[in-house]
Peer 1: 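Got a structure for you, questions after.
Computed over heavy atoms, backbone and side chain alike; hydrogens, waters and symmetry mates excluded. Chain letters run A, B, ... following the sequence lines, proteins first, then strands; residues in each count from 1.
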Amino acid sequence: MDSLEPVIADPFVVSLRTALGRALGWLTYPRKPEEYLAALAPRHFGPIRAEVVALEPHFDGCATLVLRTDRRFGKHRAGQFVSLTIEIDGVRRTRCFSISSAPEGTRGPRDIELTIKSTARGAVTPRLVDPSIVGTTVELSPPMGSFVLDAELPPRLLFITGGSGITPVISMLRSLDRKAIREGAPGAKVTLLHFARSEREALFLEELRQMPWLDLHLVTEEALGRAPSLDEASLAAVVADFEDTRAYACGPAPLLRAIERAFASRRASDALTIERFQSAFDGRSEGTGTVRFARSNKTANDSRTLLVVAEEQGLEPKSGCRMGICGTCHCKKLSGATRDLRTGEVSTEANVDIALCSTVAIGDVSIDL
Amino acid sequence: MKNDCQLNPAQLEAFGDEMYAIHQRARAARGAEDLAYIRGVMRTQLRCEVGGRALLFASFIPGAWVAGTALLSLSKILENMEIGHNVMHGQYEFSGDPALSSRSYEWDTTCPSEQWRHSHNYLHHTFTNVSGVDHDLGYRVLRVDDKQPWRWHRVPQLAYTAGLAALFQWGIAGHDVDMPKYVTTPSAERDPEDVRRVREIKSKAWRQVRKDYLLFPLLAGPNAVAVFAGNLVANLARNLWSAAVIYCGHFPEQAQTFAPETLEGEGRGHFYLRQLLGSANFEGPRWLHVLSGHLSHQIEHHLFPDVPAWRYPALSKEVRAVCEKYGLPYNTGTLSSQLFSALRRIGRLSLPSVSEPALAPAL
Ligand SMILES: Cc1cc2nc3c(=O)[nH]c(=O)nc-3n(C[C@H](O)[C@H](O)[C@H](O)COP(=O)(O)OP(=O)(O)OC[C@H]3O[C@@H](n4cnc5c(N)ncnc54)[C@H](O)[C@@H]3O)c2cc1C
Ligand code: FES
């Protein structure tokens, strides 16, 4: 938790550190002192790193990874996520993953767990759930997100999850279970309504069944013989007065929409907190979307190269050769999916440089211009 | 199209397609290996720099000064040639690693990266060897092309060549500004963009000077003179070496220049052809290629500037095969023969060109 509170330091120490940093910067110019420090002592400087020390498969294409973080990672709060950066075939890719282990983890003090379900044709997840990942070093952000339990535990908690959406919730449940073991009870009446394809694909099922205090409802497509659906009535069948609970939901977008509708119809939207696993990209490799030039606040719907689109909008991006060799037009893409016309490669990464003169948008894109 | 190409239009197009295919394959092959390579070079460079500076501080130990200066020279050469120049071309940008972003990389010379990317990546690489557009044709100081007018002040230009080499980083620093024009224009009439550029150059030059000639010597206390001298020699060594490499790239006798008309409606085939005919390689052991930033493969670099340079030696086999097929020259030789050829050309052009007698009196 300490990583969340800003470290309040003595102003004298701060100004001394700034002055020292600047003087060091004069010596290391044109590089930054951090670059030397990160190269000489990577455990203490540069991005937070973690090594994948184990992989535990759940079912085909789904596994839990154990990551040994370095000292700077800090403690997460149950329900938070990290953004993980990994180099795959020489390309840096960043994705978010909820931490599935409890902050009071059962493993080493610096270990966290991520439970990952691979996405078909995804750029990152298929690699992460492959056993060969063990031993790889990745970069992590500090724990992030506000999908966490309230400081004061409410009398009744309702969790609604679908598929891999259970990952942030299992962290909270594990945390509550530790409390139940310590204090005899978790301190709240807790219900979990979980949707899964089949019992085999219901993550953490054995463990959940071992939590005697948990009111567990599992709905599987397999048992139902059809895709499960959710509305106000079916939710009320599980928890009659669900509007009086403190609710958390995470799962596929249609499920989340249904839950939001159910809570809205009882005017209880405030009781509900949602975590979305949204992906920037729906998998197209053609077509166009809305191009947004973030700094100048202009938008366009245009399938031509981003350089032309920007110029049509009256912007004056720098350009040179206009054929993808000189790099003058390089500019940061803040988010969205683009295709490089030189290589045909699709990029879905956020915050990467692209050549405007040889790139087209294939979805909603935001450019730092 | 001009007579610089012995190919008919269909051949030219086929040649362009073959080069493009090599280019596309090379782009597609970029990956983890390239990152491992450049990061290895960066680690080595960093160690050389830290080690070199440390040895210079300890230069009271016999031999430490020489070793420290050598390491620092090596560090500066690696940083400018194999790392800076190539990273700023975006050769490693495919990785999305911010440390390898062409836009944000600042190299260890007095030349501001942003101006370099304009004058070099854009002007020089797009308009390679086109008279009047590519200022690398003599850097506005030397006459390396018959198409440039001869004047009396060209006569001692072999001496300028040596002087430019010794001060190479300063020549490069002012590369994006027409310095001869700038200094002869009254300050009120100067192009504001040039004024901004010059201010930027001064600011960067000051930081470079502050580091190498002020702070490190001061920090060394009683060793100040030794550190100052070591830094000076390291900068000089880097200047001479990079100048030699660059002179070999486009100045050897057979490297062709082009009239501005060449650019009109220039297609892909002719673009690649111009890069090929305007550039020259030199041969040597692997370490020589690394120290030259693989600009020993200037031809491949000009054909594929966005491909990681350490792959040029392998690509050169494919390029040579295509050249042979189309009966095109592939200009290569030893470092000394290419350098000698470049100097001979500069020497020859210090006198009026016999082929264009009309030029001299008219001007
Ligand atoms: C806060 C948060 C927490 C999260 N927590 C978890 C978690 O705990 N566990 C978990 O498993 N996931 C989690 N996610 C989702 C995760 O971050 C990934 O977005 C997701 O797993 C897909 O990643 P990917 O790289 O494999 O797929 P992507 O490469 O992002 O692909 C997404 C889709 O695009 C398609 N696609 C990609 N490239 C192409 C192409 N070139 N051509 C055609 N189609 C293409 C893929 O088929 C796929 O359908 C979370 C997300 C968020 C925002
Ligand atoms: S303008 Fe030269 S790469 Fe885009």
Peer 1: Would you mind checking which part of B/Glu93 comes under 4.5 Å of any heavy atom in chain A, side chain (CB onward), backbone (N, CA, C, O), both or neither?
Peer 2: side chain
Peer 1: Which bit of B/Leu214 comes within less than 4.5 Å of chain A, counting heavy atoms only: side chain, backbone, both or neither?
Peer 2: neither
Peer 1: If you look at every heavy atom in A/Pro30 and B/Gln208, which pair is closest and at what distance?
Peer 2: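 Result for this residue pair: CD-OE1, 3.8 Å.
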Peer 1: Please check if the number of heavy atoms outside B/Glu33 that lie under 6.0 Å from its CD is greater than 12.
Peer 2: no
Peer 1: Which one of B/Leu123, B/Asp306, B/Asp108, B/Thr109 has the most heavy-atom pairs closer than 4.5 Å to chain A?
Peer 2: B/Asp108
Peer 1: Just to be sure I understand the criterion: a residue of residues 20-29 of chain A counts if one of its heavy atoms is under 4.5 Å from a heavy atom of chain B. Which ones qualify?
Peer 2: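 Listed by number, the contacting residues are A/Trp26, A/Leu27, A/Tyr29.
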Peer 1: Which bit of A/Leu40 comes within less than 4.5 Å of chain B, counting heavy atoms only: side chain, backbone, both or neither?
Peer 2: side chain
Peer 1: Check the surroundings of atom CG in A/Asp130: do more than 12 heavy atoms from other residues, nucleotides or ligands lie under 6.0 Å from it?
Peer 2: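 Yes, CG of A/Asp130 has more than 12 neighbouring heavy atoms, counting only those of other groups under 6.0 Å.
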Peer 1: Chain A heavy atoms under 4.5 Å from B/Tyr105: which part of the residue, side chain, backbone, both or neither?
Peer 2: side chain
Peer 1: Go through the atoms of A/Lys318 and report whether side chain, backbone, both or neither lie under 4.5 Å from a heavy atom of chain B.
Peer 2: side chain
Peer 1: Most heavy-atom pairs under 4.5 angstrom with chain B, which of A/Gly324, A/Ser319, A/Gly344, A/Cys331?
Peer 2: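 Result: the option with the highest number of such pairs is A/Cys331.
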Peer 1: Would you find more than 12 non-hydrogen atoms of other residues, nucleotides or ligands less than 6.0 Å from B/Glu200 atom CD?
Peer 2: yes
Peer 1: Is A/Glu87 close to chain B through its backbone or its side chain, or both, or neither, when contacts mean heavy atoms under 4.5 Å?
Peer 2: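 Only the side chain of A/Glu87 comes within 4.5 Å of chain B.
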Peer 1: Tell me, out of A/Glu349, A/Arg342, A/Glu345, who's got the most heavy-atom pairs with chain B below 4.5 Å.
Peer 2: A/Arg342
Peer 1: Between A/Arg31 and B/Glu49, does any side-chain N to carboxylate O distance fall below 4.0 Å?
Peer 2: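 Here A/Arg31 does not pair with B/Glu49 in a salt bridge, since their nearest N and O are not under 4.0 Å apart.
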Peer 1: Are the side chains of A/His330 and B/Ser101 in contact, using a 4.5 Å heavy-atom criterion?
Peer 2: no
Peer 1: How about NZ on B/Lys211, more than 12 heavy atoms from neighbouring residues, nucleotides or ligands closer than 6.0 Å, or not?
Peer 2: yes
Peer 1: Return yes when atom CZ of A/Arg127 has more than 12 non-hydrogen atoms of other residues, nucleotides or ligands closer than 6.0 Å, and no otherwise.
Peer 2: yes
Peer 1: Under a 4.5 Å heavy-atom cutoff, which of B/Arg103, B/Met42, B/His125, B/His118 has the most pairs with chain A?
Peer 2: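 Most pairs with chain A among the choices: B/Arg103.
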Peer 1: Can you tell me if B/Glu106 has over 12 outside heavy atoms packed within less than 6.0 Å of its CD?
Peer 2: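 More than 12 within 6.0 Å, yes.
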Peer 1: Rounded to the nearest 0.5 Å, what separation is found between the OG1 atom of A/Thr85 and the CG atom of B/Asp97?
Peer 2: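 Rounded to the nearest 0.5 Å, the OG1-CG separation comes out at 10.5 Å.
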Peer 1: Apply side chain to side chain donor-acceptor pair (under 3.5 Å) to B/Tyr272 and list each qualifying residue two or more places apart in sequence or on a separate chain.
Peer 2: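 B/Tyr272 satisfies side chain to side chain donor-acceptor pair (under 3.5 Å) with B/His23 once adjacent residues are dropped.
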Peer 1: A/Val91 versus chain B, heavy atoms under 4.5 Å apart: side chain, backbone, both or neither?
Peer 2: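 Contact with chain B involves both backbone and side-chain atoms of A/Val91.
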Peer 1: Please report the C-alpha distance between A/Met323 and B/Thr126 in whole Å, then the side-chain angles of each, then the deciding distance to 0.1 Å, and finally whether the side-chain contact (heavy atoms from CB on, under 4.5 Å) criterion is met.
Peer 2: CA-CA 9 Å; A/Met323 56 184 182; B/Thr126 310; 4.2 Å; yes
Peer 1: Roughly how far, to the nearest 0.5 Å, is the CG atom of B/Leu35 from the CG atom of A/Asp89?
Peer 2: 10.5 Å
Peer 1: Do B/Phe271 and A/Ile325 come within less than 4.5 Å of each other through their side chains, counting heavy atoms only?
Peer 2: yes
Peer 1: Of the backbone (N, CA, C, O) and the side chain (C-beta and beyond), which part of B/Arg268 lies under 4.5 Å from a heavy atom of chain A, both, or neither?
Peer 2: neither
Peer 1: By a 4.5 Å heavy-atom criterion (distance strictly below it), what part of B/Phe127 contacts chain A: side chain, backbone, both, or neither?
Peer 2: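 The answer is neither part of B/Phe127.
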Peer 1: Quick check: closest heavy atoms across A/Gly320 and B/Tyr122, and the distance to 0.1 Å?
Peer 2: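 Minimum heavy-atom contact is C-CE1, 3.0 Å.
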Peer 1: Should we say atom CD of B/Glu193 is surrounded by more than 12 heavy atoms from elsewhere, each under 6.0 Å from it?
Peer 2: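 Yes, CD of B/Glu193 has more than 12 neighbouring heavy atoms, counting only those of other groups under 6.0 Å.
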